[in-house]
Visitor: 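One structure follows; several queries about it will come next.
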Amino acid sequence: MTTTDPTTRGAKKTPGRPVTQPRLGPVGWARWAWRQLTSMKTALFLLLLLAIGAVPGSMFPQRSLDPSQTAAWIQRHPEAGPVLDRFYAFDVYSSPWFSAIYLLLFTSLVGCIVPRTLTLARQLRGRPPRTPRRLERLDAHDALVVRDEDVPAALDAAASALRRRRYRMARHDDQTISAESGYVKEIGNLAFHGSLLTLIVGLAIGHLYGWRADIVVPEGESFVSTVTRYDTWAPGPLVDESSLTPFELTVDQMSARFEEDHQSQIGMPRAFSAEVTYADRLGGATKKDTVQVNHPLELDESTVFLLGNGYAPVVTVKDDAGRVIYRGATPFLAQDGSYRSTGAIKVGAAQPEQLGFVGLFLPTAVVDDTNGPISIFPDLRNPALAMSLYEGELFPQGGAQSVFSIDTEAMTPVAPDDDSEDIARLWLQPGETAQLPGDRGSITFDRVDRFAGFAVRHDPGKGLVLGSSVVALLGLITSLTLRRRRVFARVVPAGDGRSVLHLGAMTKGDDDRLARVVSDLADQLGSSFDDEGDRTPASVGESRTS
Amino acid sequence: MTNEVLATYANYALYSAVGVLSLAMIAYAVYLAGAVPASEREHESLDSDEQAAAERARARAERVAAVSGGSVATSPVTGPVGADDGTTVEDAAAPQGDPERARKGAGIGGTLSYLGTGLLLVSLVLRGMSVDRAPLGNLFEFSVAGAFFAMLVYCIGPLRRGMHWLGLFVLAPVTLLLWLAGTIWYTEAAELVPSLDSYWLVIHVSIATLATGLSIVGAVLAALYLVRDKAGPGSFWTKLPAAARLERLSYGMHVVAFPMWTFTLIAGAIWARQAWSSYWNWDPKEVWTFVIWIVYAAYLHARVTKGSNRRTAAWIALAGFACIVINYTIVNFYFIGQHSYAGTS
Ligand code: HEM
């Protein structure tokens, strides 16, 4: 195989002589291991491993994102599911093996940044290194003949040309020049790698001290953000719940618009927005704003995002004597794009037994022969409630339970009449009232409100993450656009009143302009100092910067 | 709220672009059939300025050799163009096509490439006007945009510098992409879903598609390098420039694309926070953008790592491109995530 990589060419082995391996003690082994871990080859390998390791998380549902879908997937694959689960296929990004890859990578990164930073600091404090003896051996080389008496002037001219191109210069003796440029490239590269580390720190801060909560608020209702008021509350491990300052928020109006014109996209969501009145802290000044998807509400301590919406049918339940025992908007959770929504109305005040209505809300209801009651459009064109009735104990353990469903363990279905085994089914449209079987009273479907589903988030690490990302990008661009170059000049007497002025350059990495750097310098010097006088007019006085 | 007439004209412009680019491919194929191997036109790409510089360097070297009584090597000013070229002039004297026809083919191919690129731009603009937003809302739209950017990169880079040998190899994947977009991925012009309705869409997706365009050209060059590097004397592939030059051109594309991928990742995270409340969710689309980024970072590392050669690096670049293809196809259609906006369900 032919290699075109110049860096592999120099690696000659001395034939015949076996390489003697020194014996390594524990310290030696540790040093060896550290050098392996921080080598570029290892970094390359770990990077590829990280890429491969990230892939399974996109193929299998992830618990942290969607626990119910994950559970369903495992149930559907009784053979593969548990095995995959043992290998953390459903928790890839918090799995020990994924963590191991990135921890090794970041250890390697530290081991790579620290020595490079020290080297750079030393270089910045010191001077460019001495000129090598034979410049012909460098990556790029050029030479010109000058008269001995012109030598000092030629070297001065070379030095000032390089200085103009922002090289740092050292004249270790009067026969040579050493010049170096591209420190900024190294700084940029270190800034890039370093900010990957601070980015991880920012992520960790967000994870440890951040929290997330969700809450559903029907139109016209308010909430005060205490931990217990939220529907879900997910704090980071180091969150101090007592230090949170609650805010107050009222949903004045929730609106939604859906595609109506385009056949292929009928019912696709087009715009959601919630008009809110809020105060950053209890009793503080109230302000109004509109929360939209892509337009969150930034509060002092946290940010409120509009992530969900749906319908909250307003019903009134009366007992046999006509007393109102329940009235309110009950959020129903959308199950599909047409907002076929499931929910539960819990009438805890009913006597002698508590009542529970479980079923569907359909914004544009149709009864389909095969699928039963469905919704065919997400907006309110033909709203209907389809519910079954249970009675018994709503909260048997007395504990909290989802507002969207009822635990029917301690309840019995209510039959439509005494000699039926069936369960009482109700079909209500706004304005309609249904009598409940027996002497259980009545239910009236008053109207439909919308609800807003908010996610409230606090992430103290996000500023550091954003800042690190921006520094990383700037450092990267610096690192990729600039070149690291060393240019040397050395005068070698050739006798006969003449000298050869050698120019040489070397670089780190790939630099196809390098040869041009020395040849341009040679051109420029040649136009003034070449001994033969047949100067090429094209290059007189001209200097090409590259 | 979409203008159907404009959307229809946008489609006409798209079909015309596919037609024009197909003709350009034929012209480029004619060119390649008749092209002279690169080893014979080594200095073709040197402009007169560079030739004069090379001339002066040669004169200097001779005088230095004269006074120091030996030969003094200087590096070729043009870098190793042709230096690693395995072919000799004798090899190149193998039977060839018709250089005259070839030159015409290149000219026609180039003109048609400009025209096709212009038509793609027209199609994008009309589509954008018809929906009153940036035309970057679904797989169809960003395929067309990606194809346009790949053509734009080709036109303002290689084509302007006369690298006609690259034409066929860029146009073939671009035309394939447009054909897929126009047939199986076609989506009616319509408004966006709310989570996409943000100026971050324009920022994030336009840079992502531009990066994709660069990566397409970069991958083509990487593949050509791998083939050219192994090409024996007399092989068809010796019509291309030397392997080292192809490799460096490929690197040039990737080195511009990589900061763009980085930006795409950052802008995507900012947008994800605005739209979904969390800047990173390990959603399949995010995972794959991250994978693409990591693989290209590995490519850049492989290129500077001592002891890993350029062929390995080129293979990693191709792996990165494969990840881009997967991200736009398999991930869009089969992996469920918050990004399921491909709009072709
Ligand atoms: C955490 C993941 C990492 C990423 C995303 C990353 C990315 C990059 C990128 C994009 C470059 C620019 C390449 C160029 O200048 O051509 C680079 C250069 C470099 N990286 Fe990394 N890197 C990572 C980890 C590491 C590690 C662990 C090491 C040390 C072993 C390392 C050492 C280097 C070095 C020495 C260069 C400079 C090469 C040069 O220009 O001479 N990187 N890296």
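What you see is a predicted model, and the numbers here were worked out from it, not measured in a lab. Lettering of chains follows the sequences in order, A, B, ..., and the numbering in each one begins at 1.
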Visitor: Counting only heavy atoms not in Phe45(A), do more than 12 fall under 6.0 Å of its CZ?
Guide: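 No, because the 6.0 Å sphere around CZ of Phe45(A) holds 12 heavy atoms or fewer from other groups.
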
Visitor: Would you say that Val465(A) contacts Trp280(B) through its side chain, given a criterion of any heavy-atom pair below 4.5 Å between the two side chains?
Guide: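 Answer no - side chains too far apart.
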
Visitor: Any side-chain heavy atom of Leu144(A) sitting closer than 4.5 Å to one from Arg63(B)?
Guide: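 Counting from C-beta outward, Leu144(A) and Arg63(B) never come under 4.5 Å.
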
Visitor: Any idea which heavy atoms bring Pro259(B) and Ile477(A) closest together, and the distance?
Guide: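 Between these two residues, the closest heavy atoms are CB-CG1, 4.0 Å.
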
Visitor: For residues Asp142(A) and Ala57(B), report the shortest heavy-atom separation together with the two atoms involved.
Guide: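 It is OD2-CB, 4.4 Å.
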
Visitor: Just how far is it from atom NZ of Lys462(A) to atom CZ of Arg273(B), taken to the nearest 0.5 Å?
Guide: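 Lys462(A) atom NZ to Arg273(B) atom CZ measures 4.5 Å (nearest 0.5 Å).
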
Visitor: Determine whether Val291(B) and Val55(A) make a side-chain contact, defined as any pair of heavy atoms from C-beta on separated by less than 4.5 Å.
Guide: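 Of all side-chain heavy-atom pairs linking Val55(A) with Val291(B), at least one is under 4.5 Å.
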
Visitor: Got a second to check how far Leu48(A)'s CG is from Tyr299(B)'s OH, nearest 0.5 Å?
Guide: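 The distance works out to 13.5 Å.
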
Visitor: For the residue pair His301(B) and Met40(A), establish whether any side-chain heavy-atom pair is separated by less than 4.5 Å.
Guide: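 Yes, close enough: below the 4.5 Å cut-off.
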
Visitor: Can you tell me which portion of Leu503(A) sits under 4.5 Å from chain B's heavy atoms? Options are side chain, backbone, both or neither.
Guide: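 The answer is neither part of Leu503(A).
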
Visitor: For Trp315(B), does the CH2 atom sit with more than 12 other heavy atoms under 6.0 Å from it, leaving out its own atoms?
Guide: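 At most 12 heavy atoms, drawn from other residues, nucleotides or ligands, come within 6.0 Å of this atom.
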
Visitor: Strictly below 4.0 Å, N to O, side chains only: are Arg60(B) and Asp523(A) in salt-bridge contact?
Guide: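 A salt bridge is present here (some side-chain N lies under 4.0 Å from a carboxylate O).
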
Visitor: Determine whether Val67(B) and Asp496(A) make a side-chain contact, defined as any pair of heavy atoms from C-beta on separated by less than 4.5 Å.
Guide: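 Not touching, per the 4.5 Å side-chain cut-off.
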
Visitor: Indicate whether any N or O donor in one side chain lies under 3.5 Å from an N or O acceptor in the other, for Ser64(A) and Trp282(B).
Guide: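 Trp282(B) and Ser64(A) do not have a side-chain donor-acceptor pair below 3.5 Å.
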
Visitor: Ile316(B) versus chain A, heavy atoms under 4.5 Å apart: side chain, backbone, both or neither?
Guide: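 Only the side chain of Ile316(B) comes within 4.5 Å of chain A.
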
Visitor: What residues form a salt bridge (charged side-chain N to carboxylate O under 4.0 Å, His left out) with Arg134(A), not counting sequence neighbours?
Guide: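 Applying salt bridge (charged side-chain N to carboxylate O under 4.0 Å, His left out) to Arg134(A) gives Glu136(A).
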
Visitor: Do you know which two heavy atoms are closest between Val287(B) and Ala54(A), and how far apart they sit?
Guide: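 Nearest pair, atom of Val287(B) first, then Ala54(A): CG1-O, 3.3 Å.
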
Visitor: Can you tell if the side chain of Trp271(B) reaches within under 4.5 Å of the side chain of Asn294(A), non-hydrogen atoms only?
Guide: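 Contact flag for Trp271(B)/Asn294(A) side chains = yes.
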
Visitor: Are the side chains of Ser277(B) and Thr303(A) in contact, using a 4.5 Å heavy-atom criterion?
Guide: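 With C-beta onward as the side chain, the pair stays apart.
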
Visitor: What residues form a salt bridge (charged side-chain N to carboxylate O under 4.0 Å, His left out) with Glu55(B), not counting sequence neighbours?
Guide: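 Glu55(B) satisfies salt bridge (charged side-chain N to carboxylate O under 4.0 Å, His left out) with Arg58(B) once adjacent residues are dropped.
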
Visitor: Is there a side-chain contact between Pro284(B) and Met59(A), using heavy atoms and a 4.5 Å cut-off?
Guide: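 No; the side chains remain at least 4.5 Å from each other.
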
Visitor: Ala522(A) versus chain B, heavy atoms under 4.5 Å apart: side chain, backbone, both or neither?
Guide: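 Both the backbone and the side chain of Ala522(A) come within 4.5 Å of chain B.
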
Visitor: Given that the side chain runs from C-beta out, which part of Phe263(B) has a heavy atom under 4.5 Å from chain A: side chain, backbone, both or neither?
Guide: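 Both backbone and side chain.
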
Visitor: Working to the nearest 0.5 Å, report the span between CZ of Arg457(A) and CH2 of Trp276(B).
Guide: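 Going from the CZ atom of Arg457(A) to the CH2 atom of Trp276(B) covers 13.0 Å.
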
Visitor: Write down the atom of Leu307(A), the atom of Ala275(B), and the distance for their closest heavy-atom approach.
Guide: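 For Leu307(A) and Ala275(B), the tightest heavy-atom pair comes out as CD2-O, 3.4 Å.
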
Visitor: How long is the gap from CZ on Phe290(B) to CG on Leu50(A), to the nearest 0.5 Å?
Guide: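 Answer rounded to 0.5 Å: 4.5 Å.
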
Visitor: Once you round to the nearest 0.5 Å, how far does NE2 of His254(B) lie from CG of Leu480(A)?
Guide: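 It is 13.0 Å, given to the nearest 0.5 Å.
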
Visitor: Report the option among Leu46(A), Val500(A), Leu473(A) that has the most heavy-atom pairs separated by less than 4.5 Å from atoms of chain B.
Guide: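 The residue among Leu46(A), Val500(A), Leu473(A) with the greatest pair count is Leu473(A).
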
Visitor: Select one option (side chain, backbone, both, neither) describing which atoms of Ile292(B) are under 4.5 Å from chain A's heavy atoms.
Guide: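 Neither part; nothing is under 4.5 Å.
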
Visitor: If you round to the nearest 0.5 Å, how far is CZ of Arg303(B) from CG of Leu44(A)?
Guide: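 Between Leu44(A) CG and Arg303(B) CZ, I get 13.5 Å after rounding to 0.5 Å.
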
